[in-house]
Amino acid sequence: MKVLRKTAKGEGNVEFKDLEPPKIKSDELLVEVKAAGICGTDLHILHDKSHYVPPVTLGHEYSGVVVEAGSDVKDFEVGDTVTSPATINCGICHFCRIGFTNRCIDPNKRILGVARANGAFARYMAVPAKIAHKLPKDIPFEEAALAEPVACAVHATEMVKVNMGDTVVILGPGPMGLLILQLARLAGATQTIVTGIAADHDRLKIAKELGADHIINVEQENPIPIIKEITNDLGADVVFECSGAPAAQKQAFDIVRRRGKIGLVGLTGREINISLDKIVEGELEVSGSWGTLWTSWKLAIKLISLKKLQVKPLISATLSLEQWEKGFQLMESKEAIKVLLIP
Ligand SMILES: [Zn+2]
Ligand SMILES: [Zn+2]
C-alpha cells in the first residue's frame, strides 16, 4: 500500500512509499482509513519543527472502518466505524492514573502518525482498541475525520469554561478558533468576536457564517478599543488564543476583563515579553490546553452526530493521498482551513 512517510529527521524528507499493510497485535484493530485530515502538526513535522520519531507514516486525524480485530479485542467488531486520538497513553504513569491521559509522561509513548506508531496517511493502520472510539454510522467519513480537532476544541472548553451570557473573544479563525467559536455559543456565550489577519479573510467570513457577532481583521483595525466598546469598557469575559501568534498571545491580556479567563490553545514556539503582573492585578485565570481526554471525545462525537456543531464548513478540499503536496501547500498558505486526504 502507498503511504506518506517522514523518512528521516530534518527539513522535508516526506516521501510517498510502498509498505506492507500492518500486522495487528491481539489488542489492536486494523482500520481501513476512509479520510484523514492534514493538521498543523503534520506541517511542523515536514519542517522539522515539532516532536516526531522517524521513520513514521504521518496523519493522525482520521476516520475509518475496522477490517480486522485482534483476538483480545472485546468492544469492536469488523465493520465498525472508528476514530481515535493520536496519543497511545501508557495507562500506568502518574498522570494516566489520575485521569490526565493527555499528559502521559511515558518517555517511549507511541503517537499515531508522529512517533513509534504509523499514522493515517495510508490505506490501513493499526490502532490499539483501548484508544478507539466507535462512531455513529450517520456521520459521513469526511466529517468524522474532524473528530480529533473537535475533541481538542472541546478540551479547551473543558479547561476554560464559558458561562451563559459571556462575551467570548477568539483570536485566530483556524480550525481550533472556528470550533471553539461554536462551542462557546453552545455553552451560552451571548456575544462572540473572532479576530484574524488579512490572510484569514475567508476564514473570518466562515466565522461570521458560523455565528460570530463580530469579526475583526487586526491588520486593518485595532481590536482592543472595539472590544472595549462592545463590553462597555469592561473587557471580554473569556479569551481563547487560537492563532499561535506572539502578538495575539500578548493581546489576550489586554482584551480580557478583570477576573476574566484566558485559554491558551495555540503554540508560538517562542518566548514573549509580557508582565505576569497582569495576571496578579487582573486576578486572571489563565489556562493552557493540550490534546484531549476521553470525555472530550464523547462530547465531540455527540455534537457532530447530533449536528449541534458544524464541521463541514471547515473542510476546504478533499484530495487523494497522491495529491498530498497540494494539500500541504493549501494548509500552509492558509487558503484552506482543513484539507482531507483520501487514501
Ligand atoms: Zn492534529
Ligand atoms: Zn501514561
Side-chain angles (χ1 to χ4, degrees), residues 4 6 14 27 33 35-47 49-53 56-64 82-122 125 127-128 130-133 142-156 172 174-180 242-244 264-267 269 288-294 296-297 300-301 304 311 314-316 324 327-328 330-332 334 336-341:
L4 187 64
K6 178 84 181 186
V14 170
D27 60 348
V33 179
I38 301 173
C39 168
T41 304
D42 298 308
L43 300 177
H44 289 319
I45 295 174
L46 171 71
H47 297 305
K49 281 191 184 133
S50 68
H51 165 72
Y52 64 97
V53 182
V56 67
T57 302
L58 299 176
H60 60 270
E61 299 179 0
Y62 72 95
S63 64
V82 291
T83 184
S84 80
T87 299
I88 304 166
N89 67 294
C90 76
I92 53 171
C93 76
H94 177 74
F95 294 97
C96 279
R97 284 177 194 265
I98 62 170
F100 303 123
T101 51
N102 58 332
R103 301 312 300 127
C104 170
I105 46 170
D106 174 7
N108 295 312
K109 190 167 55 187
R110 298 168 67 223
I111 308 171
L112 293 173
V114 178
R116 306 174 195 92
N118 285 324
F121 293 156
M125 72 190 294
V127 178
K130 69 170 187 180
I131 64 163
H133 293 269
E142 282 81 5
E143 293 180 30
L146 270 84
E148 199 265 0
V150 174
C152 287
V154 168
H155 183 55
M176 273 310 113
L178 295 175
L179 292 168
I180 290 174
C242 306
S243 72
L264 298 174
V265 182
L267 289 168
S289 170
W290 186 272
T292 57
L293 298 174
W294 186 260
S296 330
W297 285 84
I301 292 167
I304 300 171
V311 291
L314 276 62
I315 304 170
S316 318
W324 71 272
F328 274 55
L330 282 170
M331 289 292 294
E332 201 129 34
K334 288 186 165 202
I337 298 171
K338 185 60 78 181
V339 174
L340 297 180
L341 298 177

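Just so you know, ligand 1 is whichever comes first in the structure, and atom 1 is the first atom listed for that ligand. Heads up: numbering here begins at 1 and tracks the sequence.
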L146 vs I304, side-chain contact (heavy atoms from CB on, under 4.5 Å): CA-CA, chis, key distance, verdict: CA-CA 9 Å; L146 270 84; I304 300 171; 5.5 Å; no

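- Under the 3.5 Å distance criterion, the side-chain polar atoms of R110 are matched with a main-chain donor or acceptor of R116.
- Side-chain polar atoms of T292 and W297 form a donor-acceptor pair below 3.5 angstrom.
- Note on the Zn ion (ligand 1): protein N/O/S atoms under 2.8 Å are C39 SG, H60 NE2, E61 OE2.
- Remark: the backbone N or O of W290 is paired with a side-chain donor or acceptor of N102 at under 3.5 angstrom.
- For the 3.5 Å distance criterion, the side chains of Y62 and S84 qualify, holding a donor opposite an acceptor.
- Of the possible donor and acceptor atoms, one in the side chain of S316 sits under 3.5 Å from a partner among the backbone N and O of I337.
- No donor-acceptor pair closer than 3.5 Å links the side chain of K49 to the backbone N or O of L43.
- The backbone N or O of P175 lies less than 3.5 Å from no partner atom in the side chain of K338, so there is not a single donor-acceptor pair.
- Looking only at protein N/O/S atoms, the ones less than 2.8 Å from the Zn ion (ligand 2) make 4 in total.
- Checked by atom type and distance alone, the side chain of K6 pairs as donor or acceptor with a backbone atom of L46 at under 3.5 Å.
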